[in-house]
Amino acid sequence: MTHFSHIDKAGNPVMVDVSEKKKSKRTATARSIVSLPKKILDKLVNGEIQTKKGTVFQTAIIAGIMAAKRTGELIPLCHPLGLDNCNIQIDLNEQDELIIECTASIEAKTGVEMEALVGASIAALTVYDMCKAFSHDIIIKETKLMKKTGGKKDFERK
């Protein structure tokens with residue numbers, strides 16, 4: 001049986017010791033899906049929604065990147081990482097849902113899954129915050145890891 005990496009033998013929370021690990025190129029992509037009601041989608045002009053607070057998608061991208069960079073401050077046992085890169089893409093799918101993808105990368109001893117997940121989540125929450133004046137019928141449907149490379153094993157969701 002495997003054990004939780006953040007719990008010691010006595011059941012206490014611990015930060016994972018990565019001091020003996022070798023650095024490697026690590027990447028992770030996470031996705032959040034946001035369902036917007038027609039009332040908000042009708043405000044979409046040239047791929048962007050303008051509000052009194054500013055442009056929604058551009059602001060969400062900046063917020064997501066800023067959050068990804070601060071993941072170690074937000075999640076108690078995450079290692080603080082200086083990301084080499086963070087990219088957020090926002091697209092509309094065939095079901096008129098926003099697909100927010102955050103890809104983070106670093107050359108390090110530990111992975112960047114949490115950074116990608118936090119970036120996608122905060123970008124989705126920023127869309128909610130900026131659009132809630134139009135309607136509260138906004139649903140952040142899911143946030144999940146799509147892919148990771150580097151470390152012990154790679155992962156890709158089909």
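No side-chain heavy atom of Phe155 sits under 4.5 Å from any side-chain heavy atom of Lys147. For the pair Leu92 and Leu44, the minimum side-chain heavy-atom distance is below 4.5 Å. Side-chain contact between Pro37 and Ile138 is present, with heavy atoms from C-beta onward closer than 4.5 Å. Contact check for Met114 versus Cys78: side-chain heavy atoms found under the 4.5 Å cut-off. No side-chain heavy atom of Thr29 sits less than 4.5 Å from a side-chain heavy atom of Cys102. Between Thr51 and Ile49 the shortest side-chain heavy-atom distance falls below 4.5 Å.
With sequence neighbours left out, the side chain to side chain donor-acceptor pair (under 3.5 Å) criterion links Glu142 to Lys144. For the side chain to side chain donor-acceptor pair (under 3.5 Å) test, no residue two or more places apart in sequence or in another chain qualifies with Ser5.
Asp17 and Ser19 form a side-chain donor-acceptor contact under 3.5 Å, judged by distance and modelled atom types alone. Checking Thr27 against Ser105 by side-chain atom types alone, no donor-acceptor pair falls below 3.5 Å.
A donor-acceptor contact shorter than 3.5 Å is absent between the side chain of Lys25 and the backbone of Thr149.
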CA sep, side-chain torsions, deciding dist, call: Leu36, Val127, side-chain contact (heavy atoms from CB on, under 4.5 Å): CA-CA 9 Å; Leu36 298 174; Val127 169; 4.2 Å; yes
Verify side-chain contact (heavy atoms from CB on, under 4.5 Å) between Phe4 and Val14, making sure each step is shown before the conclusion. CA-CA 10 Å; Phe4 289 106; Val14 294; over 6 Å; no
Could you go step by step and tell me if Leu83 and Glu115 meet the side-chain contact (heavy atoms from CB on, under 4.5 Å) rule? CA-CA 9 Å; Leu83 296 178; Glu115 286 72 12; 4.0 Å; yes
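Atom NZ of Lys39 has 12 or fewer heavy atoms from other residues, nucleotides or ligands within 6.0 Å. Summarising the local packing, CE of Met66 is surrounded by 12 or fewer heavy atoms from other residues, nucleotides or ligands at distances under 6.0 Å. For Lys23, the NZ atom counts as loosely surrounded, since its 6.0 Å shell holds 12 or fewer non-hydrogen atoms of other residues, nucleotides or ligands.
The one candidate from Asp91, Ile88, Ile140 that meets the side chain to side chain contact (heavy atoms under 4.5 Å, CB included) condition with Ile100 is Ile88.
The pair Glu107-Arg26 does not meet the salt-bridge criterion, since no charged nitrogen lies less than 4.0 angstrom from a carboxylate oxygen.
Under the salt bridge (Lys or Arg N to Asp or Glu O under 4.0 Å) criterion, the residue pairs touching residues 45-69 are Lys53-Asp129, with sequence neighbours excluded.
Criterion: ILVMFWY side-chain heavy atoms under 4.5 Å apart, direct or through other members. Under it, Met146 and Val118 are not part of a common hydrophobic cluster. Residues Ile65 and Met130 share a single hydrophobic cluster, defined by chaining ILVMFWY side chains whose heavy atoms lie under 4.5 Å apart.
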